[in-house]
Amino acid sequence: MIKIRQLSKVFHNKTVLDQINLDIREGEVVSIIGPSGAGKSTLLRCLNLLEVPSSGEISVNAKQVEYKTNSRGRLTFLSQMKLTWLRSEVSMVFQQFNLWPNKTVLQNVIEGPCTVKKVPRQEAEAKAKKLLAKVGLLEKIHEYPANLSGGQQQRVAIARALAMEPKVILFDEPTSALDPELVHEVLDIMVKLAGEGMTMVVVTHEMNFARNVSDRVLFMEDGKITKSGKPEEVFCTTNPRMNQFLRNINH
Ligand code: ADP
Ligand code: MG
């Protein structure tokens, strides 16, 4: 589903992603763990060109993602058109939800399908209602994000991601901004999606999710994937930095 070759990203002469190679299969749930500053968010953001890679290749669903840039490092117009395709194949859920504050829950969910995919409004609304029912928020469709809890906002963000009918959903620490008692309501939905066969790449500090739900865990440090394998392999490691990381995260 996703193929990454020699992907690098340099910010102000600092190499943040260092020649990453990674394949993600259809239906796979991959958790990415690792210390702050390791490049986890940058890797996800490169996958849907929220950041433009400095070099390397990305394919999604066997189609190469083009990211030609101009001299200022901005995407060129040609790539901009492909961006529409890419952003509907690869949806993203952010730590801070990133809902549109001036749109209702329903408007947030139909915005992408209506404007990007030109789905007729009625059809988009019917689909949105199904998705909002799935995340348990049908009664909130006319609310504004500010009137929802963090857990509810993140569930709307997941419904919004699903509304694009993506091939892959990227989650960047989706529960890190939530009060502890609300974490489970978001994780429950992610577990459900995983069970339905959704391809998911999840940056997370929820070690129970990484251990119990993912097919594969990647440990990132200094812009590289230094450990990759089944959860039981990665968590039973003799790597001292991995063990330090796990100790730190447990308090
Ligand atoms: P993680 O998600 O693993 O905490 P990030 O991908 O956010 O790590 O960041 C990796 C490194 O890249 C950090 O050193 C960070 O300061 C730097 N970085 C991230 N985004 C930018 C940016 N837009 N401009 C400059 N440096 C950045
Ligand atoms: Mg991050």
Side-chain angles (χ1 to χ4, degrees), residues 2 4-22 24 29-58 65 67 69-75 79 83 86-87 90-99 150 153-154 157-158 161 168-178 180 183 186-187 190 200-211 214 216-229 231 234-235 237 239-251:
I2 292 181
I4 299 171
R5 289 293 174 273
Q6 303 290 320
L7 179 71
S8 293
K9 176 69 184 177
V10 179
F11 284 118
H12 317 299
N13 296 328
K14 182 172 186 278
T15 300
V16 169
L17 294 179
D18 190 1
Q19 311 216 18
I20 300 270
N21 292 304
L22 175 63
I24 291 163
V29 177
V30 175
S31 291
I32 303 178
I33 62 173
S36 177
K40 306 179 299 295
S41 296
T42 305
L43 176 59
L44 288 197
R45 292 167 64 81
C46 281
L47 281 178
N48 65 358
L49 295 185
L50 285 173
E51 295 294 351
V52 187
S54 304
S55 60
E57 289 179 10
I58 302 172
V65 174
Y67 57 83
T69 53
N70 62 22
S71 57
R72 291 157 70 208
R74 298 269 163 79
L75 285 170
S79 309
L83 205 53
L86 179 65
R87 298 266 167 87
V90 183
S91 277
M92 185 134 170
V93 173
F94 302 89
Q95 181 176 353
Q96 297 295 342
F97 330 130
N98 293 11
L99 297 176
Q153 289 188 57
Q154 194 59 299
I158 293 173
V168 186
I169 306 186
L170 312 176
F171 294 83
D172 193 359
E173 299 197 31
T175 60
S176 295
L178 301 178
V183 165
V186 170
L187 286 179
M190 293 170 64
M200 297 162 60
V201 184
V202 186
V203 172
T204 188
H205 291 300
E206 289 294 324
M207 291 303 131
N208 286 330
F209 180 91
R211 202 186 291 264
S214 33
R216 190 149 50 109
V217 177
L218 311 178
F219 181 65
M220 272 188 83
E221 44 185 344
D222 301 333
K224 297 190 184 76
I225 297 168
T226 55
K227 197 104 194 142
S228 163
V234 171
F235 287 111
T237 173
N239 178 339
R241 288 183 72 178
M242 173 80 183
N243 285 323
Q244 181 67 46
F245 170 75
L246 290 174
R247 264 199 305 280
N248 289 343
I249 217 156
N250 285 332
H251 13 78

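For ligands, and for the atoms within them, numbers begin at 1 and follow the listed sequence. Computed from a predicted model, the values in this text were never measured in an experiment.
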Exercise. Going through the distances and angles, do Asp172 and Thr204 end up as a side-chain contact (heavy atoms from CB on, under 4.5 Å)?
Worked result: CA-CA 7 Å; Asp172 193 359; Thr204 188; over 6 Å; no

Exercise. Does the pair Arg45 and Glu51 meet the rule for a salt bridge (Lys or Arg N to Asp or Glu O under 4.0 Å), with working shown?
Worked result: CA-CA 5 Å; Arg45 292 167 64 81; Glu51 295 294 351; 3.4 Å; yes

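Counted by atom type alone, Ser8 and Gln19 present zero donor-acceptor pairs between their side chains at under 3.5 Å.
The line from CD of Gln154 to CG of Leu187 is 10.5 Å long, rounded to the nearest 0.5 Å. Distance check: Leu17 CG to Ile4 CD1 gives 9.0 Å after rounding to the nearest 0.5 Å. Put simply, CE on Met92 and OG on Ser41 are 6.5 Å apart, with the number rounded to the nearest 0.5 Å. With rounding to the nearest 0.5 Å, the separation of OH in Tyr67 from CG in Leu75 is 10.5 Å. Taking OG of Ser55 as the start and CD of Gln6 as the end, the distance is 8.0 Å to the nearest 0.5 Å.
Protein heavy atom closest to atom 6 (O) of ligand 1, with residue, atom name and distance, is Thr42 OG1, 2.5 Å. Looking at atom 7 (O) of ligand 1, its nearest protein heavy atom turns out to be Ser41 CB, 3.7 Å. Protein heavy atom at the shortest distance from atom 14 (O) of ligand 1 is Lys14 NZ, 3.0 Å. Nearest non-hydrogen protein atom to atom 3 (O) of ligand 1 is Lys40 NZ, 2.7 Å. Summary of contacts: the protein heavy atom closest to atom 27 (C) of ligand 1 is Phe11 CD1, 3.3 Å.
Protein heavy atoms are found inside the 4.0 Å sphere centred on atom 24 (N) of ligand 1.
With a 4.0 Å cut-off on non-hydrogen atoms, Arg45 does not touch ligand 1 at all.
Remark: of the listed residues Val203, Ile20, Leu170, Ile20 is the sole one forming a side chain to side chain contact (heavy atoms under 4.5 Å, CB included) with Leu43.
Of the listed options Gly37, Ser36, Ala38, Gly37 places a heavy atom closest to atom 13 (C) of ligand 1. Distances from atom 8 (O) of ligand 1 to the heavy atoms of Gly39, Cys46, Gly223 put Gly39 nearest. Of all the listed residues (Leu50, Leu43, Val16, Ile32), Val16 holds the heavy atom that lies closest to atom 12 (O) of ligand 1.
Among the atoms of Ser36, none of the N, O or S atoms falls under 2.8 Å from the Mg ion (ligand 2).
Contact analysis leaves Lys9 out of contact with ligand 1, as no non-hydrogen atom separation drops below 4.0 angstrom.
Each of the following atoms of ligand 1 lies closer than 4.0 Å to a heavy atom of Pro35: 3 (O).
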